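Computed from a predicted structure; not experimentally measured.
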Amino acid sequence: MDIVVKEELKAYIDPLTQDEHDALERSILAEGCRDALVLWGEVLVDGHNRYGICQKHGLPFQTIQNTRFQSMDDVHLWMIEQHLGRRSVSDFQRGVLALRKRDILAERHRADQAQLQKESDGEISGPADAGDEDSPPWAAAPKVSRADMAREARLSSSQVTMIERIHKQAAPELVEAVKTGVISISAAAAVADLPEDEQRAAAAAGKDELKQAAKRVRESKRKPRKPAQEVLHSADGDAEVDHSRAAEIADALNALGEGPAELRQRIIALTLENDTLRQQLAVLRRQVADI
């Protein structure tokens, strides 16, 4: 049987590193190809590295047919689920795979809805043309929430959000830096907000410049904080006391390095009392001015 290797499927999952490939080759040379290659008809779905090594050394291997596949999307989903469960897959790779799964299921859901609408309108009376390999019937596409996607990928929702930003906005050089561990996911997500030429320049300059670029982006998004002394002495006489005022004063005291906890609490209480007195004085002044 001739096995067909589709480059699209071979590249669908990030390749092994050279060290990982060398370790797999040593294992196969020592113990043989223990795991069967997974086929869909003649198309190789899983086992591209094992197949290449066996071909290189003239070693035998087993194959198994997956008869559940009805479309290329089925193949992609199966590949994604296989790799999401592997410990060797990095957080970034799992996030990208989870996003791919979401996109496939979202497209299926749209196709399901479109077909139901056509059936409702009487345009079609049964399943779509079986000649289309990516047409129904298939299992109903579930809606996948961000929380569900994060849980399956063993990530937090915020990590998924950052990976999605990188996936959409990052220059290839920045993506490569994340994949190789040169820069963290959070730092890469920050750098991805820069223009593409700046991303490329930072990636070319290396790890330290990428970190500095991420720091600059984060700092540019922070709201400027009032000087500590201004916070303590700038109560607006015409405004009601804000419930976040105590926290703001506490931050100002932390910035000044003022005294033990008991003293800080006393200062906060006195400052809030002073705010109230300022407001009352402003009211009295307005009343006097109206006489």
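With R94 contributing its side chain and L155 its backbone, the two residues share no donor-acceptor pair below 3.5 Å. Within the 3.5 Å criterion, the main-chain N or O of E176 finds a donor-acceptor partner in the side chain of T180. A donor-acceptor pair under 3.5 Å links the side-chain atoms of R100 to the main chain of Y12, judged by distance alone. With hydrogens and angles ignored, the 3.5 Å screen pairs no side-chain donor or acceptor of E42 with any backbone N or O of I3. With Q55 contributing its side chain and G52 its backbone, the two residues share no donor-acceptor pair below 3.5 Å. Checking side-chain atoms of Q199 against main-chain N and O of A192 turns up a donor-acceptor pair under 3.5 Å. Between the side chain of H167 and the backbone N or O of I163, no donor-acceptor pair lies under 3.5 Å. Proximity of a side-chain donor or acceptor of Q93 to a complementary backbone N or O of S90 within less than 3.5 Å is detected.
Atom CZ of R151 and atom OG of S156 lie 12.5 Å apart (nearest 0.5 Å). Annotation: the span from L84 atom CG to R86 atom CZ amounts to 10.5 Å, rounded to 0.5 Å. To the nearest 0.5 angstrom, I80 atom CD1 is 6.0 Å from L97 atom CG. Here the CD-CZ distance, from Q113 to R110, works out to 11.0 Å after rounding to the nearest 0.5 Å. Remark: M72 CE to I104 CD1 distance equals 11.0 Å, nearest 0.5 Å. Between the CZ atom in R50 and the CG atom in D35 there is a gap of 5.0 Å [rounded to 0.5 Å].
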Inset, instruction - Just do the side chain to side chain donor-acceptor pair (under 3.5 Å) check on E8 and H76 with the steps written out, would you? - result: CA-CA 10 Å; E8 173 218 348; H76 289 158; 2.8 Å; yes
Inset, instruction - Please lay out, stage by stage, how I185 and V178 fare under the test side-chain contact (heavy atoms from CB on, under 4.5 Å). - result: CA-CA 6 Å; I185 291 172; V178 184; 4.2 Å; yes
Legend entry - Stepwise side-chain contact (heavy atoms from CB on, under 4.5 Å) check, S71 with R108: CA-CA 11 Å; S71 70; R108 283 194 169 186; 3.4 Å; yes
Inset, instruction - Take K207 and Q212, measure what side-chain contact (heavy atoms from CB on, under 4.5 Å) needs, and give me the verdict at the end. - result: CA-CA 9 Å; K207 182 175 183 178; Q212 288 301 313; over 6 Å; no
Inset, instruction - Carefully, step by step, assess L44 and L39 under the rule side-chain contact (heavy atoms from CB on, under 4.5 Å). - result: CA-CA 5 Å; L44 180 60; L39 303 178; 3.8 Å; yes
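The two residues V175 and A170 have their closest heavy-atom pair at CG2-CB, 3.7 Å. When every heavy atom of F61 is checked against every heavy atom of C54, the shortest pair comes out as CD2-CB, 3.8 Å. Closest approach of W78 to R68, counting heavy atoms only: CD1-NH2, 3.6 Å. Counting all heavy atoms, side chain and backbone alike, L174 lies closest to A203 at N-CB, 4.3 Å. The two residues G47 and L37 have their closest heavy-atom pair at O-CD2, 3.6 Å. Listed here is the closest heavy atom pair of A187 and A214: O-CB, 3.7 Å.
The residues K179 and D14 are annotated as salt-bridged, a charged nitrogen and a carboxylate oxygen being separated by less than 4.0 angstrom. A salt bridge does not link R218 to D193: none of the charged side-chain nitrogens sits closer than 4.0 Å to a carboxylate oxygen. For the pair E209 and R216, the salt-bridge criterion is met [side-chain N within less than 4.0 Å of a carboxylate O].
Under a hydrophobic clustering in which Ile, Leu, Val, Met, Phe, Trp and Tyr are joined whenever their side-chain heavy atoms come within less than 4.5 Å, directly or via other members, V182 and V217 fall into the same cluster. Cluster annotation: L59 and Y51 are assigned to distinct hydrophobic clusters (Ile/Leu/Val/Met/Phe/Trp/Tyr, side-chain heavy-atom contacts under 4.5 Å, transitive). Put simply, V45 and L24 are part of two different groups of oily side chains (I, L, V, M, F, W, Y) that touch within less than 4.5 Å, one to the next. If you chain together hydrophobic residues whose side chains sit under 4.5 Å apart, V160 and I183 fall into the same group. Both L99 and M162 sit in one connected hydrophobic cluster of ILVMFWY residues. Membership requires side-chain heavy atoms under 4.5 Å apart, directly or through other members.
The environment of E273 atom CD is sparse: at most 12 non-hydrogen atoms of other residues, nucleotides or ligands sit within 6.0 angstrom. Atom CZ of R34 sits in a sparse spot, with 12 or fewer heavy atoms from other residues, nucleotides or ligands closer than 6.0 Å. When the shell of 6.0 Å around CD1 of I64 is examined, it contains 12 or fewer heavy atoms from other residues, nucleotides or ligands.
Here E196 pairs with R200 under the side-chain hydrogen bond (donor to acceptor under 3.5 Å, both in side chains) rule; sequence neighbours left out. With sequence neighbours excluded, no residue forms a salt bridge (Lys or Arg N to Asp or Glu O under 4.0 Å) with D22. Contacts of F92 classified as ring-ring contact (aromatic ring centres under 6.0 Å, His included), with partners at least two apart in sequence or in another chain: none.
For the side chain to side chain contact (heavy atoms under 4.5 Å, CB included) criterion with F69, the lone passing option out of V43, L77, V75 is V75.
Side-chain contact between H21 and I53 is present, with heavy atoms from C-beta onward closer than 4.5 Å. You'll find the side chain of L105 stays beyond 4.5 Å of the side chain of H109, heavy atoms only.
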